[in-house]
Amino acid sequence: MKLSLYQKLAISLVVIFCFICVLVYGWSKQLELTSKHHAEQNLHLALAEHLVQDNPLIKEGVYDYKALENLFHTLMLLGPAFEFYFVDETGKILTYSAKPGKVKRTHISLTPLKKLINNPSAAPIYGDNPRNKEQQKIFSAAPVFNHDKLQGYLYVIIGGEAYDTSLSTVKNNDKLWLAALWLGSALAFLLIAMLILLRFFTNPIQRLARDVSNIEANNYSLTDTKLSDYSTQKSNEVHSLGRSIQAMLTRINEQFKALEQGDKQRKELLTHLSHDLRTPLASLQGFLEVLNQSGEQLSKQEQQEYLQVSLNNCGQLKLLIEQIFELAHLENGEININKETFNLGELIYDCIAKFSLAVDKKGISLSVEPAICDFPVVADIAKLERVLSNLIDNAIRHTPRGGSIAVHVQRSDDNQLFVHVSDTGVGIKEDELNAIFDPHYQASNSNKEGRQQGGLGLAICRGLLKLMDSEIYVQSEIGKGTMFSFNLPQKKVLS
């Protein structure tokens, strides 16, 4: 049987409590008895000496032991708590007053007698009890001399058999038993109160252990597990530990969900990338097989067309692979930012110049607002050029012939520059705006213009801008166009 913490503590408490009660009881009884004997022996220390000095029969050392026995009998009637014995110089009991068969010893040890006579301050000292071979009693003793010759000792037992019998009767009195019962009840109540308090203090620990066991049984999922409420109003260690464990488990559960979501997205990304890579590879393989098998039957113009398509597919594969590696490096934090100060207007015009042929071919106007765009900024010029190129390229692909694209730079009051890339293209549905920055996501009305797009451009833009402490935003309306915006810190110009 497996014992709980409370049961172990309760059993230990009961055992320790009982042991302490027995120990204290035994010690108190022993202390009481020793103190009592010490007081009684000191009180009657000179009893035997006074009897020897005051009684001529004993003082003169007369050998009339019968008369001495009668004397002892008389003294015992006057003092029932005492027993009188006369022993010789060897410890042999010569006479006493007792019923036949009561005295069990014929000799007693004289060592305690001599010790008490020579050193009375050593009390309590115990001597042999003539009426019990296994028992010792406190006593009073005095030597008896005949002139200068030692005749023996007067040996007086203090608290003799009659005294013990009377004391036993008193102890069996109902009032004493009632007092003992009250004392026992009080101790039992104290023990029960301690057990209740122990239960009160250990209950939060048991509840916490039960919660952790339930969470472990549910594979550390908090979805199907209801945790106990550990009040923030209580500042004891158990409630603090419970709140900390709950916070830790909640954080772990969130991380588990994030890992599961990331793993799911990664699998979806790999699936889409496999499809995207397979399409240009299949096209490239098809045209190369045609050139290899039927190259002599094709005209030079057809061969040139097939080669051009193959080169386009190779370029698309190269671009897609580069985007995959770039996105992987962004997610792993392997791309470093080299910030420098440069003129934002010059960078924007350089990017526009790269797309001049493409916009002329489509009949799209591409403008910069304001035309004189002289704004010094602090950023990574290569990364920012990559972001602008991606946004302008997306705008060109999704803007129909005759449309317009504008790159607008706006300065805010808090020394920030906002760059807006807007177009008059097809727009993006409202329910897709939050998803277009996810890797490989493409809007449902995306215009691919005959090129296989990996859907990684906007994800890369967001990652690069995040490295430069910037955020990208999007506003769009179906049929009216889209605007992407991001902020850049402007370099302060010293006056």
Side-chain angles (χ1 to χ4, degrees), residues 223 253-280 316 319-335 383-384 386-400 403 405-408 418-488:
T223 305
N253 191 61
E254 292 175 352
Q255 291 178 338
F256 275 159
K257 290 182 178 179
L259 289 174
E260 291 175 354
Q261 183 65 23
D263 186 61
K264 180 180 178 181
Q265 292 178 349
R266 190 174 291 105
K267 290 179 180 178
E268 292 177 352
L269 178 61
L270 290 174
T271 301
H272 291 305
L273 289 178
S274 298
H275 176 268
D276 291 341
L277 290 172
R278 189 183 301 114
T279 301
Q316 182 61 29
L319 176 62
L320 187 58
I321 292 172
E322 287 177 351
Q323 288 181 339
I324 293 171
F325 277 110
E326 188 174 9
L327 184 61
H329 290 156
L330 280 172
E331 291 180 348
N332 294 333
E334 298 176 0
I335 294 183
K383 306 297 187 298
L384 187 57
R386 181 89 164 85
V387 171
L388 286 170
S389 297
N390 276 349
L391 294 178
I392 295 173
D393 182 57
N394 276 343
I396 293 174
R397 285 190 290 106
H398 294 91
T399 301
I405 299 173
V407 179
H408 180 70
F418 284 88
V419 180
H420 310 282
V421 179
S422 59
D423 60 62
T424 58
V426 295
I428 304 172
K429 295 180 180 179
E430 184 177 358
D431 57 353
E432 295 181 331
L433 289 178
N434 293 329
I436 60 174
F437 294 105
D438 295 337
H440 200 81
Y441 184 86
Q442 296 185 32
S444 57
N445 59 346
S446 175
N447 181 12
K448 300 179 182 180
E449 293 189 343
R451 292 186 296 169
Q452 187 68 26
Q453 300 297 323
L456 303 177
L458 290 178
I460 293 173
C461 288
R462 184 178 64 176
L464 292 175
L465 288 172
K466 189 175 182 180
L467 290 176
M468 292 184 286
D469 301 321
S470 179
E471 294 288 337
I472 187 169
Y473 311 93
V474 60
Q475 296 177 355
S476 184
E477 188 175 349
I478 292 294
K480 293 187 177 180
T482 304
M483 181 174 70
F484 289 92
S485 305
F486 59 89
N487 63 301
L488 290 172

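- Side-chain atoms of Phe484 and Asn394, non-hydrogen and from C-beta on, never get closer than 4.5 Å to each other.
- Looking only at distances, no side-chain donor or acceptor of Asp423 sits under 3.5 Å from a matching main-chain atom of Ile405.
- At least one donor-acceptor pair under 3.5 Å links the side chain of Ser470 to the backbone N or O of Asn487.
- Looking at every heavy atom in both residues, Ser476 comes nearest to Thr482 through OG-OG1, 2.8 Å.
- The distance from the CD1 atom of Ile472 to the CD1 atom of Ile436 is 8.0 Å, given to the nearest 0.5 Å.
- The closest side-chain heavy-atom distance from Asn390 to Leu458 is not below 4.5 Å.
- To the nearest 0.5 Å, the span separating CZ on Arg386 from CG on Leu391 amounts to 10.5 Å.
- With rounding to the nearest 0.5 Å, the separation of CD1 in Ile460 from CG in Leu465 is 12.0 Å.
- Taking CG from Leu488 and CG from Leu384, the interatomic distance works out to 5.5 Å, rounded to the nearest 0.5 Å.
- Note that NE2 of His398 is 9.5 Å distant from CG of Asp393, once rounded to the nearest 0.5 Å.
- No more than 12 heavy atoms of other residues, nucleotides or ligands sit less than 6.0 Å from atom CD of Glu430.
- Between Gln475 atom CD and Ser485 atom OG the span is 6.0 Å, to the nearest 0.5 Å.
- Glu471 has its side chain within reach of Tyr473: a pair of non-hydrogen atoms, C-beta onward, lies under 4.5 Å apart.
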